[in-house]
Asker: 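Could you have a look at this structure, given as C-alpha cells, before my questions?
From a predicted model like this one, the values you see are computed outputs, not experimental measurements.
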Amino acid sequence: MSWNVIHDGDGSASRIVLKEHTGSTAEVLFLGGQVVSWKNERREELLFRSNKTLWKPPKAFRGGIPISFPQFGTFGSLERHGFARNRVWLLDDSPSPLPAANSQSTVDLILKSTEEDLKIWPHRFEVRLRISLSAGKLTLIPRVRNIDNKPFSFTFSLRNYLSVSDISEVRVEGLETLDYFDNLLRGERYTEQADAITFDSETDRVYLSTPTKTAIIDHEKKRTYVLQKEGMADAVVWNPWDKKAKSLPDLGDEDYKKMLCVDSAAVETPIILKPSEEWRGRQELSTVSSSYCSGQLDPRKVLYG
C-alpha cells in the first residue's frame, strides 16, 4: 500500500501519508480533508506551513491546501470560508462514479452533512475529495453532490499555500488583462494592467474567468509552480504582508515572505445543484525548473505552449 494512516494521541492531527516511487510524499489531515505537506523527490517542502500553527481543532491548520465549502471567504452569511475545513472527514470506500485510480498513491475522502451542519446551512450534501500523488504532481478532485430534495448553491475554493523563497522575487503569469475584485478596496472591480503580478504590499484579489493554467515563478529557487484547474473559474491571489501577518495569531511575523496563496475557486458565480446533481472540479499542481535571463521567461512556454 502506498499510503498509511498515522494517529496522534487525541486525533486532532491524525493524517494520511502518501508516497510514490520517486520519493515524493504528501500528508493529508482527516480534519478538513486538508493537504498539509507535499514534498518532492529531494524532500523539499513545496507547500507553506506556518511556524505558529495553532493545533486547536476545530480551527483549520494555517498552510497546505485548506478547502472552503459551502462558502468562500465572506461571500455569504456563514463563518469565514465555511465549515468543511473544520469537520473531520472519513475514508471513502466507494468513490464512484470516479474511475479507479491508476496511481497507487491515491486516497479518497468524504464529508457528509450532519445535524449540526443542517442547523446553520439547511442542505443535505456529500463532498468527496480524491488526492493523487505522482512524480512532480499533486492532483485534487473535489466533488459536491446534492442529496437533498431541493436545490442549493455554494461557493468553493482550494487555497494553495505555496512555499516561496522570497515573496518580493515571485511573479504570477496568466492572469494579466483580467478583471478582479479587490478585497482591500471594498471588493470593487478592476482590470489587471500589469504584464505579470508582483508583490510589494498586501494583496487580496479574486481574479475572474481565469484560464486553465497559471504559472507562479520563483526566481531565486529557479522553480515554477504550474496550477492547472477545471470547474473553478476564478483564482484568488493573497499575501498578508507585514502588518496583517502580525495581526494573525497563527502566522509568524516574517512568514509572509515565504508564502503565496493562489487559489482555484468558484466565487463570482455560485454553483447551483438540483437534487441528485453533482459538481466536479479538478486541480493539478506541478513544478518545473525555470530561469530568468535577458528578460526571457521560459515558463511562458508552460502557459502558452
Asker: Transitively linked via ILVMFWY side-chain contacts under 4.5 Å: Met259 with Leu285?
Answerer: no
Asker: Compare all side-chain heavy atoms of Arg171 with those of His219 and state whether any distance is below 4.5 angstrom.
Answerer: yes
Asker: Of the non-hydrogen atoms in Lys112 and Asp117, which two are nearest, and what is the gap between them?
Answerer: O-OD2, 4.1 Å
Asker: Scan side-chain atoms only and decide if Ser24 and Asn40 contain a donor-acceptor pair under the 3.5 Å cut-off.
Answerer: no
Asker: Who are the ring-ring contact (aromatic ring centres under 6.0 Å, His included) partners of Phe152, not counting sequence neighbours?
Answerer: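 With neighbours one apart ignored, the set is Trp121, His123.
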Asker: Ile131 and side chain to side chain contact (heavy atoms under 4.5 Å, CB included): which single residue from Leu138, Thr106, Ile65 fits?
Answerer: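 Of Leu138, Thr106, Ile65, side chain to side chain contact (heavy atoms under 4.5 Å, CB included) with Ile131 is met by Leu138 alone.
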Asker: How about Lys274: does its NZ atom have over 12 heavy atoms from other parts shown lying under 6.0 Å from it?
Answerer: no
Asker: Examine Ile110 and Leu158 and state if one hydrophobic cluster contains both, with Ile, Leu, Val, Met, Phe, Trp and Tyr joined whenever side-chain heavy atoms are less than 4.5 Å apart.
Answerer: no
Asker: Evaluate the criterion side chain to side chain donor-acceptor pair (under 3.5 Å) for residue pair Glu20 and Ser134; output intermediate values, then yes/no.
Answerer: CA-CA 6 Å; Glu20 60 85 41; Ser134 56; over 6 Å; no
Asker: For Glu192 and Ala194, work out which heavy atoms get closest and say how close.
Answerer: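 The answer is OE2-N, 3.0 Å.
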Asker: Can any side-chain N or O of Asp218 pair as donor or acceptor with the backbone N or O of Ser165 at less than 3.5 Å?
Answerer: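 Indeed, once roles are kept as given, a pair shorter than 3.5 Å links the two residues.
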Asker: Going by the salt bridge (charged side-chain N to carboxylate O under 4.0 Å, His left out) test, which pairs reach into residues 32-43, not counting sequence neighbours?
Answerer: Arg42-Glu44
Asker: Please give me the minimum heavy-atom distance between Arg223 and Ser163, naming the atom from each residue.
Answerer: NH1-O, 4.5 Å
Asker: Tell me, please, which residues at least two apart from Asp179 pass salt bridge (Lys or Arg N to Asp or Glu O under 4.0 Å).
Answerer: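 Per chain and number, Asp179 pairs via salt bridge (Lys or Arg N to Asp or Glu O under 4.0 Å) with Arg189.
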Asker: Is it the case that the side chain of Thr25 and the backbone of Gly23 share a donor-acceptor pair, with hydrogens and angles ignored and the cut-off at 3.5 Å?
Answerer: no
Asker: Just by modelled atom types, is the Leu162 backbone N or O under 3.5 Å from a matching donor or acceptor in the Asn160 side chain?
Answerer: no
Asker: Go through it in stages, so that I can follow the logic: the residues are Ser132 and Thr139, the test is side chain to side chain donor-acceptor pair (under 3.5 Å), and I'd like the CA-CA distance, side-chain angles, deciding distance and then a yes or no.
Answerer: CA-CA 5 Å; Ser132 294; Thr139 303; 5.9 Å; no
Asker: For the residue pair Glu45 and Leu47, establish whether any side-chain heavy-atom pair is separated by less than 4.5 Å.
Answerer: yes
Asker: Would you confirm whether Gln34, through its side chain, and Gly63, through its main-chain N or O, come within 3.5 Å as a donor-acceptor pair?
Answerer: yes
Asker: Looking only at heavy atoms, what is the nearest atom pair of Leu175 and Thr210, with distance?
Answerer: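 What the structure gives for the nearest pair is CD2-CG2, 3.8 Å.
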Asker: Check whether any side-chain heavy atom of Leu91 lies under 4.5 Å from a side-chain heavy atom of Ile16, and answer yes or no.
Answerer: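 Touching, per the 4.5 Å side-chain cut-off.
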Asker: When clusters are formed by joining ILVMFWY residues with side-chain heavy atoms under 4.5 Å apart, either directly or through shared neighbours, do Tyr256 and Val170 land in the same one?
Answerer: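 Yes: a chain of side-chain contacts under 4.5 Å links Tyr256 to Val170.
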Asker: Other members of the hydrophobic cluster containing Ile272, with the 4.5 Å side-chain heavy-atom rule, please.
Answerer: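 Its cluster mates, by chain and number: none.
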Asker: Given side chains that start at C-beta, do those of Glu126 and Asn146 come closer than 4.5 Å, heavy atoms only?
Answerer: no
Asker: Side-chain contact test, heavy atoms from C-beta onward, threshold under 4.5 Å: evaluate it for Tyr225 versus Val262 and give yes or no.
Answerer: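 Not in contact.
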Asker: Which residues pass the ring-ring contact (aromatic ring centres under 6.0 Å, His included) test with Phe154, not counting sequence neighbours?
Answerer: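 Applying ring-ring contact (aromatic ring centres under 6.0 Å, His included) to Phe154 gives Phe69, Trp279.
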Asker: Tell me whether Thr191 contacts the main-chain N or O of Leu178 through its side chain, where contact means a donor paired with an acceptor under 3.5 Å.
Answerer: no
Asker: So how far is it from Arg128 CZ to Ser94 OG, rounded to the nearest 0.5 Å?
Answerer: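 Spacing of CZ (Arg128) from OG (Ser94) equals 5.5 Å.
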Asker: Is it the case that atom NZ in Lys221 sees more than 12 heavy atoms from other parts of the structure closer than 6.0 Å?
Answerer: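 Counting neighbours around NZ of Lys221, more than 12 heavy atoms of other residues, nucleotides or ligands fall under 6.0 Å, so yes.
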Asker: According to side-chain hydrogen bond (donor to acceptor under 3.5 Å, both in side chains), does anything in residues 232-246 pair up with another residue at least two apart or in another chain? List the pairs.
Answerer: none
Asker: Of the non-hydrogen atoms in Arg282 and Pro142, which two are nearest, and what is the gap between them?
Answerer: N-CD, 4.1 Å
Asker: At their closest point, which heavy atom of Lys150 faces which heavy atom of Asp148, and how far apart are they?
Answerer: NZ-OD2, 3.1 Å
Asker: In the single-linkage hydrophobic clustering (I, L, V, M, F, W, Y; side-chain heavy atoms under 4.5 Å), do Val144 and Ile67 co-cluster?
Answerer: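 Both belong to a single hydrophobic cluster.
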Asker: Sub-3.5 Å donor-acceptor pair from the side chain of Glu277 to the main-chain atoms of Arg145, do we have one?
Answerer: no
Asker: Does Lys257 pair with Asp166 as a salt bridge, N-O distance under 4.0 Å?
Answerer: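 No.
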Asker: Under the 3.5 angstrom rule, does the side chain of Gln71 hit a backbone N or O of Leu78 as a donor-acceptor pair?
Answerer: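 Yes: the side chain of Gln71 pairs with the backbone of Leu78.
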Asker: Determine yes or no for a side-chain-to-main-chain donor-acceptor pair under 3.5 angstrom, with Arg143 supplying the side chain and Pro95 the backbone.
Answerer: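 Yes, the answer is positive, given that a donor and an acceptor are paired below the 3.5 Å cut-off.
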Asker: Side chains of Ser37 and Arg49: closer than 4.5 Å at any heavy-atom pair?
Answerer: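 Sidechains of Arg49 and Ser37: in contact.
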Asker: In terms of side-chain heavy atoms, does Arg159 have a donor or acceptor partner in Tyr161 at a distance below 3.5 Å?
Answerer: no
Asker: Using only atom types and a distance under 3.5 Å, with no angle test, would you say the side chain of Trp89 pairs donor to acceptor with the backbone of Val127?
Answerer: no
Asker: Would you say the side-chain atoms of Glu169 pair up with the backbone N or O of Ile167, donor to acceptor, closer than 3.5 Å?
Answerer: no
Asker: Answer yes if the side chains of Ser264 and Gln283 hold a donor-acceptor pair under 3.5 Å, and no otherwise.
Answerer: yes
Asker: Determine whether more than 12 heavy atoms belonging to other residues, nucleotides or ligands lie under 6.0 Å from atom CZ of Arg124.
Answerer: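 For Arg124, atom CZ is not crowded (no more than 12 foreign heavy atoms under 6.0 Å).
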